[in-house]
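The structure under discussion appears below in the form of structure tokens.
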Amino acid sequence: MAKDMVRLENVSKKFGNTYAVEQLNLDIKTGEFLTLLGPSGCGKTTTLRMIAGFEKPNEGNIWINGEKVDKVEPYNREVNTVFQSYSLFPHMTVAENVAFGLKMKKVSKQEIAKRVKEALELVQLANFADRKPKKLSGGQQQRIAIARAIVNNPQVLLLDEPLGALDLKLRKQMQLELKQLQEELGMTFIYVTHDQEEALTMSDRIVIMNQGKIEQMGLPDEIYEKPATKFVADFIGETNLFEGTVMDANPSFATMKCGGRHISIPNTGNFSKNERVYMSIRPEKIHVSAQAGEEDNLLSATLKDEIYIGSVTKIIGEFPDGQKVIAHGSRDILKSCTRGDQLYLHWEPADSVVFEMKEKMEV
Amino acid sequence: MIRNVRAAYLMLSPTLVWLLIFLVVPVGMIAVISFTTNLGFGGILYEFSTEAYRLAFSSLYAQAIWQSLWWSIVATVICGVIAYPFAYFIAHAGKWKNLLLLLVMVPFWTNLLIRLYSWIILMNNQGVINNILMKIGIIDEPITMLYTPFAVIIGLVYGFLPFMILPIYASIEQLDKTYLEAAEDLGANPVKTFLTVTLPLTFPGVLSGTIITFVPAVSVFVVTDLLTGGRLLMIGNVIRDAFLVEMNWQLGSAISLLLMILVLISIVVLMKFTSSEDDSSLL
Ligand SMILES: Nc1ncnc2c1ncn2[C@@H]1O[C@H](COP(=O)(O)OP(=O)(O)OP(=O)(O)O)[C@@H](O)[C@H]1O
Ligand SMILES: [Mg+2]
């Protein structure tokens, strides 16, 4: 069935003495939409460049469609790239740029004309066919770069932040079209983006990278709901991170102590008493009320600020020890409150995630 | 807006003054003198005359003009053919790059006159080249190289090759390597990448090289002086002789002006080659 289209095995790339990519293991299935997500400099572009063949890994092997490609030159790989910097040929028109790959494959003239036209229509730039790329806006150039790669109908398409320069509306539209195209043609996409929402909505699978290594790999909702490390919890979306010590580690009743508060935590059996841990709880999972209810796991905080962000209001509270907490709630709750008033917070322990503190070193 | 334009002119004024004193005035003087009447021995009568131009287009001088043009075009083309691979090699020579560039520039430290003398020794009938060729047995009789257009072209190529190499080198060096990767990514092998991307994108360098090689080559006179003993003439020789030997300032000025116009026309024609809408030209 779905076999691996691209396979990276223990791939490392060093620049000088530092690893840009370290011991990467990744299997990408045929027709999969895989997204690499991570902070700037974490090795996303380097990973794509190794798959495309522009960088040779120092260690490890890469397979494309079952073929080991360590000796295959970039121009012989069934892979096309949408470059982060577009790299459109300045001496060719938009149409010539898009036609380049097909010309190299010796596709017939009529066929080229037809496919170039289709590709330009897809990115809504059919009217710009005869212009030089330098005369176009950043977003238009970016779309030409997409058309230039996609027109070749490659088995694997590498996209390095292909929508980064587009405004929100156009980006949403292009996201839909790219996704649709990818599904229709059964192309394998390896997609790099900084936009988390883009990653969460488009991808079949997301790989979170940090400092050249994979932090977590999984389905979008897994990544969001069940971050595997503190880094992922912090990096994806907004979250509250509390540092504390495990007090009870019973299967039915686990708690941690954090700045004088006792907080219930889900017991996954991974923690022992007195262990230092981090706990993460998403703002939208926290229930806020002005009166103390009956719930377990009820905490009190003072209202510091409220920020209207559209559908919900962002409530910023402060625990007695000064620790800030962010929750999403409706405005009504705060009708009777002013800054400095007491708020009551609670959440289901199962909605929080706890991590061991192996990452002590880095703050 | 108007104030900005004024400010711009004000800031440009030193340049404008410089151009006025060292370019417009002398050229204007030459232009004026070329239309005056010759009194002989460098005398100038300020009376309108086109005699100098009639003379300039007469057979002897016209021939020198055409010869100069022809030889410098041939030499420029040869320079281009040699310089491109040379520059390409230097640009890809890694840590040797700077040393190689230095070697290209070393000849500039010695006067062309002196360097051309060495070619006399090489190309003489009893010279190094003839001797070697006869020793190996490729030829029986020495080949006459000096005093021929061949020698002139060798001299021109030798003298101006660095002018061609440097701008081509610069354009290859500055070429954004990501274009090459994009071409490779789209399936172009190294040869195709070179022909479809590298060459067109470095063409502005070839063009500037062509201009700064051709312009001095067409007007140089030491090459013909030394390598043909003055038997063959280029425009430079004619102009110098008109001023210094025949003392005919009108003729010298007229030919100088014609040369200038010729060079301007060539530059404009060459520029037309690249600068349609693309503005990556190095000029
Ligand atoms: N050619 C190179 N020479 C030296 N170091 C490099 C080179 N290319 C990348 N690096 C380094 O490798 C690391 C990873 O770079 P990479 O471009 O893969 O990051 P990235 O995840 O794509 O970042 P961004 O999101 O900013 O594009 C960085 O620390 C970078 O400085
Ligand atoms: Mg990058």
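In what follows, chains are A, B, ... by sequence order, proteins preceding strands, each numbered from 1.
Interface remark: A:R49 contributes side-chain atoms only to the contact with chain B (heavy atom separation under 4.5 Å). Neither the backbone nor the side chain of B:T193 comes within less than 4.5 Å of any heavy atom in chain A.
B:K192 contributes atom NZ, which lies 11.0 Å from atom OH of A:Y75 (distance to the nearest 0.5 angstrom).
Between B:Y179 and A:K134, the closest heavy-atom pair is OH-NZ, 3.9 Å. For A:S87 against B:A182, the heavy-atom pair with the smallest separation is O-CB, 3.7 Å. Across B:T196 and A:H91, no two heavy atoms sit closer than the pair O-NE2, 2.8 Å.
Counting heavy-atom pairs closer than 4.5 Å to chain B, the top residue among A:N152, A:N76, A:L88 is A:L88. The residue among B:P190, B:A188, B:P200 with the most heavy atom pairs within less than 4.5 Å of chain A is B:A188.
B:D185 places no side-chain N or O within 3.5 Å of a backbone atom of A:N80 that could act as its donor or acceptor partner.
By the neighbour-count criterion of 12 heavy atoms within 6.0 Å, atom CZ of A:F15 is densely surrounded, having more than that number from other residues, nucleotides or ligands. The number of heavy atoms from other shown groups lying within 6.0 Å of NZ (B:K177) is above 12. Within a 6.0 Å sphere centred on CZ of B:F194, other residues, nucleotides and ligands contribute more than 12 heavy atoms.
Inter-residue side-chain proximity for B:V197 and A:F89 is flagged as met; some heavy-atom pair is nearer than 4.5 Å.
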Report task. Kindly indicate, with the supporting measurements, whether the criterion side-chain contact (heavy atoms from CB on, under 4.5 Å) is fulfilled by A:F54 and B:E184. Result -> CA-CA 9 Å; A:F54 299 124; B:E184 266 197 274; 4.1 Å; yes
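Residues from residues 94-129 of chain A that place a non-hydrogen atom less than 4.5 Å from a non-hydrogen atom of chain B comprise A:F100, A:G101, A:M104, A:K106, given in numerical order.
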